[in-house]
**Student:** 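Below you will find the structure I want to go over with you.
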Amino acid sequence: MILVLITLFFFMWGFTSAVPILTPLLKYLCDDDMVKTSFYLGILTGCSSVSSLIGIPLFGALSDIYGRRPILMLSLVASIVDLSGLIASYELKSLPILFITRTISGLGSGFAPIAMACIADLSTRENRAKTFGLAGISLGIALIVGPGGSVFFGRQSLAIPVAIGLVVQFINLIFVIVALPETSSERLGFRWTKAIPLKSFAMLRKNYFSATMSTVFFLIWLGEDSLIDIYALYFTYRFHWDVKNLGVLMVLAGATFILSQAVVLRFSIKYLGDRKSLLVAMVFNVISCAMFGIVEEEWMIYALALLRVISMMSSPLLQGMISRNFSAVEQGELNGVLGSIKMFANVVTPLVMTNLFGYFTSDQVPVKIPGIVFFLASGILAIAVIISVIAFAKTSEEAR
């Protein structure tokens with residue numbers, strides 16, 4: 001288990017090193033035009049997400065057939081291509097390079113879902129929510145280390161943090177080749193239907209609870225991605241933030257995520273159980289997301305980031321609940337599908353939310369409402385709460 005968590009940490013370190021850089025990079029490529037930056041950010045994220053929507057379930061299914069290690073290696077190669085493209089686009093001031101490499105990388109962006117399948121391989125049906133929480137701790141540490149480097153080096157050159165992430169991914173590739181054992185002891189036979197993109201989504205129809213909670217999973221990520229995709233634009237617009245401010249916020253988010261997964265999640269499951277813990281987390285998500293849209297002072301942003309220590313429990317709880325309904329040999333395919341659900345949300349949100357933000361902060365509207373995206377996201381998350389309550393009422397604890 002520890003080796004899987006290490007390679008997941010390295011991957012997220014390399015990945016998150018570039019996250020605070022993307023919006024400033026696009027702003028630089030768009031000659032500081034915020035409306036143009038907002039438009040291209042939505043298109044760029046959408047292109048990457050569409051390719052990921054195809055690649056993630058395919059890679060997840062292939063990992064059930066050929067094993068986790070070779071597919072993890074392939075995903076790391078795609079990440080290396082992506083980070084190299086970020087550096088090249090900055091040095092050559094080229095938007096086409098950025099779009100091409102981000103789209104290519106999306107086809108192989110299944111590393112995190114396959115790593116989650118590895119964790120499922122090594123855990124029991126009953127404790128998967130807790131072990132998925134361990135993956136959250138790895139992510140939290142990476143959110144501190146990766147963006148922390150971006151804060152320091154990003155103000156000198158936008159290419160330096162990305163170059164650090166590139167080196168980390170090379171090291172991770174070597175680590176997977178040399179040290180990571182295969183975690184899947186069982187194999188599914190090859191079927192051509194496994195090679196059909198999005199075909200794996202049919203597995204979610206296995207029962208009412210899996211289908212319903214997968215819908216909740218989608219809505220949560222739809223709301224969460226609204227926050228993730230827009231926060232850099234929003235805080236840059238409202239408070240004139242730069243790479244340093246954005247990096248500090250991500251470091252705080254990482255520390256909060258560690259606290260959520262290492263302490264709050266385990267305490268909540270022990271005393272409230274999965275169902276009540278999930279409902280509490282989602283209610284806090286609704287509240288905190290709406291409040292982001294009305295912040296007036298910078299200190300409020302950091303206070304709300306701390307409040308999200310509770311709402312951050314929702315994803316591992318949901319994954320654990322859904323995972324219990326599938327066998328060990330289906331975990332790769334399942335986590336690929338769940339990863340694609342995230343990516344599908346990430347197709348919708350950047351195209352809609354960034355343009356919605358651009359419109360409501362432009363001179364075309366009589367009253368500017370920069371927080372409109374957060375209000376919409378809060379409404380989406382409220383719908384997820386209602387669906388969860390209905391699903392829990394219709395489904396017995398044993399079925400879950």
**Student:** Mind telling me whether F9 and W13 have parallel, tilted or perpendicular rings, with 30° and 60° as the class edges?
**Tutor:**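 Judged by the thresholds at 30° and 60°, the geometry between W13 and F9 is tilted.
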**Student:** Atom CG of L44 and atom CZ of F99: how far apart are they, to the nearest 0.5 Å?
**Tutor:**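 Taking CG in L44 and CZ in F99, the distance rounds to 5.0 Å.
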**Student:** Can you tell me how far CD1 of I114 sits from OG of S63, rounded to the nearest 0.5 angstrom?
**Tutor:**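 Between S63 OG and I114 CD1, I get 5.0 Å after rounding to 0.5 Å.
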**Student:** Do other residues, nucleotides or ligands put more than 12 heavy atoms under 6.0 Å from F10 CZ?
**Tutor:**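 Open: at most 12 neighbouring heavy atoms sit under 6.0 Å from CZ of F10.
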**Student:** Measure the shortest side-chain to side-chain distance between F111 and L76 over non-hydrogen atoms and say whether it is less than 4.5 angstrom.
**Tutor:**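 Yes - at least one pair of side-chain heavy atoms lies under 4.5 Å apart.
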**Student:** Determine, for K368 against D363, whether the closest basic-nitrogen to carboxylate-oxygen distance falls under 4.0 angstrom.
**Tutor:**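 Salt bridge: yes.
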**Student:** Which heavy-atom pair separates A159 from I87 by the least distance, and what is that distance?
**Tutor:**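 Here A159 and I87 meet closest at O-CG1, 4.2 Å.
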**Student:** Look up atom OG in S323 and atom CG in L334, then write down how far apart they are to the nearest 0.5 Å.
**Tutor:**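 Result: 6.0 Å between the selected atoms.
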**Student:** Can you name the nearest heavy-atom pair linking S94 to L29, along with the distance?
**Tutor:**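 It is N-CD2, 3.8 Å.
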**Student:** Is there a side-chain contact between L317 and I269, using heavy atoms and a 4.5 Å cut-off?
**Tutor:**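 Sidechains of I269 and L317: in contact.
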**Student:** First locate atom CG of L381, then atom CG of L219, and finally report the distance between them rounded to the nearest 0.5 Å.
**Tutor:**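 Reported value, rounded in 0.5 Å steps: 8.0 Å.
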**Student:** Compare all side-chain heavy atoms of E296 with those of R238 and state whether any distance is below 4.5 angstrom.
**Tutor:**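 Yes, side chains in contact.
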**Student:** Show, in sequence, the C-alpha distance, side-chain angles and deciding distance for I341 and L338, and conclude whether the side chain to side chain contact (heavy atoms under 4.5 Å, CB included) test is met.
**Tutor:** CA-CA 5 Å; I341 289 176; L338 295 178; 4.1 Å; yes
**Student:** Could you measure the distance from the CE atom of M313 to the OG atom of S260? Nearest 0.5 Å is fine.
**Tutor:**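 Interatomic distance, M313 CE to S260 OG, rounded to 0.5 Å: 6.0 Å.
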**Student:** Should V389 and V283 be regarded as members of a common hydrophobic cluster, given that ILVMFWY residues are connected when their side-chain heavy atoms come within less than 4.5 Å of each other, either directly or indirectly?
**Tutor:**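 They do share one cluster, since a chain of ILVMFWY contacts under 4.5 Å joins V389 to V283.
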**Student:** Of all residues at least two apart in sequence or in a different chain, which pass the salt bridge (charged side-chain N to carboxylate O under 4.0 Å, His left out) check with D32?
**Tutor:**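 If we apply the salt bridge (charged side-chain N to carboxylate O under 4.0 Å, His left out) test to D32, skipping adjacent residues, there are no hits.
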**Student:** Quick check: closest heavy atoms across K36 and D33, and the distance to 0.1 Å?
**Tutor:**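 Scanning both residues completely, I find the closest heavy atoms to be N-OD1, 3.1 Å.
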**Student:** Side chain of R69, backbone of P181: donor and acceptor closer than 3.5 Å?
**Tutor:**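 Checked: no pair found.
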**Student:** Decide yes or no on side chain to side chain contact (heavy atoms under 4.5 Å, CB included) for I372 and F357, but give the supporting numbers first.
**Tutor:** CA-CA 7 Å; I372 186 69; F357 173 81; 5.7 Å; no
**Student:** For atom CE of M73, decide whether the heavy atoms of other residues, nucleotides or ligands shown that lie under 6.0 angstrom number more than 12.
**Tutor:**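 Result for CE/M73: enclosed.
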**Student:** Given F284 and R308, is the side chain to side chain contact (heavy atoms under 4.5 Å, CB included) satisfied, shown in steps?
**Tutor:** CA-CA 7 Å; F284 269 82; R308 287 179 58 78; over 6 Å; no
**Student:** Taking the side chain as everything from C-beta on, heavy atoms only, tell me whether F375 gets closer than 4.5 Å to C289.
**Tutor:**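 Answer no - side chains too far apart.
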**Student:** For the aromatic rings, using the six-membered ring if either is Trp, is the centroid distance between F374 and Y234 under 6.0 Å?
**Tutor:**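 Between Y234 and F374, which both carry aromatic rings, the centre distance is below 6.0 Å.
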**Student:** For the CG atom of L98 and the CG atom of L22, what is their distance to the nearest 0.5 Å?
**Tutor:**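 Nearest 0.5 Å value for the CG-CG distance: 6.5 Å.
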**Student:** At their closest point, which heavy atom of L72 faces which heavy atom of C118, and how far apart are they?
**Tutor:**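 Shortest heavy-atom separation between L72 and C118 comes out as CD1-SG, 4.2 Å.
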**Student:** Just to verify, what does E297 make a salt bridge (charged side-chain N to carboxylate O under 4.0 Å, His left out) with, not counting sequence neighbours?
**Tutor:**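 For E297, no residue satisfies salt bridge (charged side-chain N to carboxylate O under 4.0 Å, His left out) once neighbours in sequence are set aside.
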**Student:** I'd like a table of donor-acceptor pairs (distance under 3.5 Å, sequence neighbours excluded) in which one partner is a side-chain atom from residues 160-177, with atom names and distances.
**Tutor:**
| from | atom 1 | to | atom 2 | distance (Å) |
| --- | --- | --- | --- | --- |
| Q169 | NE2 | F11 | O | 3.3 |
| Q169 | NE2 | S79 | OG | 2.9 |
| N172 | OD1 | T7 | OG1 | 2.7 |
| N172 | ND2 | T7 | O | 3.1 |

**Student:** According to a 4.5 Å side-chain heavy-atom criterion applied to Ile, Leu, Val, Met, Phe, Trp and Tyr, with indirect links allowed, do L92 and Y40 form part of one hydrophobic cluster?
**Tutor:**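 Hydrophobic grouping puts L92 apart from Y40.
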**Student:** Looking at E298 and F235, would you say the former's side chain and the latter's main chain have a donor-acceptor pair under 3.5 Å?
**Tutor:**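 Not confirmed, E298 side chain does not pair with F235 backbone.
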**Student:** Can you check whether L307's main-chain N or O pairs, donor with acceptor, with S311's side chain at less than 3.5 Å?
**Tutor:**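 No, because the side chain of S311 does not come within donor-acceptor range (under 3.5 Å) of the backbone of L307.
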**Student:** Would you say S277's side chain and S268's backbone share a donor-acceptor pair under 3.5 angstrom?
**Tutor:**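 Checked: pair present.
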**Student:** Please examine the side chains of F392 and L278, heavy atoms only from C-beta on, and report whether any two atoms are closer than 4.5 Å.
**Tutor:**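 Side-chain contact under 4.5 Å: yes.
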**Student:** Is L86 reachable from I97 through a run of I, L, V, M, F, W or Y residues, each pair having side-chain heavy atoms under 4.5 Å apart?
**Tutor:**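 Looking at the clustering, L86 is in a separate group from I97.
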**Student:** Any side-chain heavy atom of F292 within less than 4.5 Å of one from I301?
**Tutor:**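 Yes, at least one pair of side-chain atoms sits under 4.5 Å.
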**Student:** What's the shortest heavy-atom distance between S378 and V286, and which atoms?
**Tutor:**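 Taking every non-hydrogen atom into account, OG-O, 2.8 Å.
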**Student:** I'd like to know whether N285 forms a side chain to side chain contact (heavy atoms under 4.5 Å, CB included) with S314, so could you lay out the CA-CA distance, the side-chain angles of the two residues, the decisive distance to 0.1 Å, and finally the verdict.
**Tutor:** CA-CA 9 Å; N285 217 353; S314 56; 4.3 Å; yes
**Student:** Over all heavy atoms of both residues, which pair between S388 and L279 is shortest? Give the atoms and the distance, please.
**Tutor:**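 Smallest interatomic distance, heavy atoms only, reads CB-CD2, 3.9 Å.
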**Student:** Any chain of hydrophobic side-chain contacts (each under 4.5 Å) joining M282 to L306?
**Tutor:**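 Both belong to a single hydrophobic cluster.
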**Student:** Are the side chains of Q319 and S315 in touch, meaning some heavy atoms are under 4.5 Å apart?
**Tutor:**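 Answer yes - side chains close enough.
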**Student:** Please determine whether residues I387 and Y208 belong to a single hydrophobic cluster, defined as Ile, Leu, Val, Met, Phe, Trp and Tyr linked transitively by side-chain heavy-atom distances below 4.5 Å.
**Tutor:**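 In one cluster: no.
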